[in-house]
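No hydrogens, no waters, no symmetry mates; every other heavy atom, side chains included, goes into these values.
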2 protein chains.
Amino acid sequence: MARSETRAERVYANLRGDILTGRLLPGQRLPFADLGARYSTSVGVLREALSRLVEQGLVLSEPQLGFRVTPVSEEDLRDLTSTRIDIETLCLRHAIAHGDLAWESRLVAAYHTLDRTPELASTQPPTVNEDWASAHAAFHAAVLEGCPSRRLRDIAASLRDASEIYRRWSRHLGSEDTRDIAGEHQALRDAVLARDVEKAEAALTQHISYTTQALLLSAPDNLMTAHDAEPAGTSPA
Amino acid sequence: MARSETRAERVYANLRGDILTGRLLPGQRLPFADLGARYSTSVGVLREALSRLVEQGLVLSEPQLGFRVTPVSEEDLRDLTSTRIDIETLCLRHAIAHGDLAWESRLVAAYHTLDRTPELASTQPPTVNEDWASAHAAFHAAVLEGCPSRRLRDIAASLRDASEIYRRWSRHLGSEDTRDIAGEHQALRDAVLARDVEKAEAALTQHISYTTQALLLSAPDNLMTAHDAEPAGTSPA
DNA sequence: TCCCGCCCGAGATTCGAAAATATATTGACA
DNA sequence: TGTCAATATATTTTCGAATCTCGGGCGGGA
C-alpha cells in the first residue's frame with residue numbers, strides 16, 4: 001500500500017514502544033486475542049514480533065502458556081545497573097579515544113536539545129515529558145556513538161533500553177527533586193569534550209547509579225507487584 | 001507427543017545449530033520452501049525461528065526478499081574480536097573476583113575434559129572433532145560462569161557464538177599447527193586458579209587474538225566469497 | 001469429607017491456502 | 001538488434017481455521 005514496510009515490522013515496533021514507555025506493564029500477560037485486537041493483526045505476525053522481543057529480553061515466553069512482559073525485580077535492576085556501568089564506561093573510553101569532531105558536534109547538539117527541553121510536562125499531575133525522554137535517550141546515544149565498535153554500541157543501546165522499562169515503570173517517584181540531573185549531564189558532556197577519561201567515567205557511573213538508587217529507595221516494595229496486571233486490551237491508551 | 005517442546009523451539013535450535021556448525025554457510029539464502037522441506041514444518045514456525053536468529057545477529061532479514069545467513073567480513077571479524085576481548089576480559093575480572101570453589105571445580109573439570117579430547121577427528125582428511133568443539137565451548141563457558149552478572153555472561157556467550165561461525169566456516173586452515181592451543185588453555189586455567197587477574201587477562205586476550213590472526217592471515221580473500229552459495233536444500237545433512 | 005481421574009473450555013500452536021510483492025520471461029516496437 | 005513494457009512465475013507475507021495442550025470443574029469412589 002503506502003510502502004513496503006511489512007506489517008510484522010510495524011507490530012514489532014509498536015509492541016516494543018508500548019513496553020518501553022510503560023503502556024504495557026512489566027509482568028503483564030499478553031494473550032493473542034487482546035493483542036490481535038489492539039494492533040489489528042493476526043496471530044502469525046504477533047508471534048513473530050513477540051519472538052523478537054523475547055530474544056531481546058523484553059518479553060518472556062512460557063511454552064503453551066503464552067507471552068508476558070518481562071517482570072521487574074530488584075535483583076535484575078542491580079544486575080542491569082552494574083552491567084550498564086561496565087559496558088557504558090567501556091564504550092565511553094573507546095569513544096573518547098576514537099571519537100572525531102563530527103561526533104563532538106553531534107554530542108554538543110544533543111546536549112543542547114536536552115538542556116532546553118523541560119523534563120516534566122505541564123499537566124496535572126506532572127508527567128514525564130515525552131520530548132524530554134527522547135532527548136535524554138538521544139543524548140546518551142550520542143555519547144556512546146563515538147565508540148567505533150558497532151557491536152559494543154548495540155550492546156550498550158540494548159542495555160539502555162532494558163533500563164528504560166524501570167525508569168518508566170516507576171515514573172512518579174518524587175525523589176528526583178534532590179538530584180541535579182541537568183548538572184550531571186553537563187558534567188558528562190564537559191568531561192567528554194575535555195577528553196578526560198577519568199572524570200567522564202566517574203560522571204557516567206554516578207549518573208547511572210543515582211537513578212537506580214533513587215528507584216531502590218523510593219520503590220523497594222512494589223518491585224514485585226505488577227505481575228498480575230490486567231491483560232493487554234485495546235483501552236489503556 | 002513425546003513432550004511439550006514446541007515445534008518452533010526445535011526448528012529454532014536446529015537452524016541455529018546448522019548455522020553455528022557451518023552446515024548453512026554465511027551469506028546463503030534461506031527460502032521458505034527449502035527450509036520447510038529440510039525441517040518439515042510450516043512457514044509460520046520458520047518465520048518465528050528466523051526472527052529470533054535475526055535478533056541475535058545470526059541471520060539477516062531483507063523485507064520482501066527473505067532471509068539469509070549473516071555474511072562474514074573482515075571488518076566484522078575485527079570488530080567482533082575486539083569486542084570479545086573487551087567483554088570477555090571484563091567477565092573474567094568479575095569471575096576471578098567473585099568466583100567460588102564450586103566454580104573453580106567446574107572449571108578444572110571442564111579443562112580436564114578438553115585436555116583429554118583430541119582436537120581432530122581421525123578421518124581423511126582430518127576434520128574438527130565435534131566433541132572437541134563442544135568441550136572447547138564448555139571450557140570457555142566455565143571460565144566465564146564465575147561472573148556473577150547473568151547479563152554480562154549472556155552477552156559474552158552470544159559474542160562467542162557469533163565468532164563460532166568464523167571458526168567453523170574456515171575450519172581447514174592448517175596454520176593451527178604452529179599454535180599451542182592446549183598450552184594457551186592451560187595458561188588461562190592456571191592464571192585463573194591463581195586468581196592472577198593480569199596473567200589471566202593476558203592469556204585470554206592472546207587466545208582470542210591468535211585465532212583471529214590465524215583466520216585473517218590464511219583466508220583474507222575468501223572472506224567475501226560465500227554470498228551466493230546454493231540454497232538450503234534437504235541434502236547437505 | 002477428601003482424593004483421584006475424567007471431561008470441558010480457554011488459549012497457544014500449527015498448518016495450508018489466499019494475497020501481495022519481487023523476479024524472470026516474453027513479445028512488440030523503434 | 002536493443003530496449004522497454006506487459007505478462008508469467010516464483011517467493012514472501014498474511015490470514016483464519018484446525019489442532020493440540022493446559023488448567024479447572026465435576027462426579028465417583030474411598
Enclosure of A:Glu62 CD (heavy-atom neighbours >12, cutoff 6.0 Å): yes
Starting from [atom2] on [N], measure out to [atom1] on [X] and report it in whole angstrom.
X	N	atom1	atom2	value
A:Phe32	D:dT21	CZ	C1'	14 Å
A:Leu65	C:dG11	CG	P	12 Å
B:Leu46	D:dT11	CG	C1'	13 Å
B:Glu48	C:dT14	CD	C1'	10 Å

Would you say [N] has OP1 or OP2 under 4.0 Å from some side-chain N or O of [X]?
X	N	result
A:Arg7	C:dA20	no
B:Arg47	D:dT12	no
B:Thr41	C:dC15	yes

Residue pair B:Asp18 / B:Tyr39, side-chain heavy-atom distance below 4.5 Å: yes
All pairs passing side chain to side chain donor-acceptor pair (under 3.5 Å) where residues 101-114 of chain B contributes a residue, at least two apart: B:Glu104-B:Arg195
Sugar-phosphate only, base, or nothing, as touched by A:Gly44 at under 4.0 Å among non-hydrogen atoms: nothing
Residues A:Ser149 and B:Thr83: side-chain donor-acceptor under 3.5 angstrom: yes
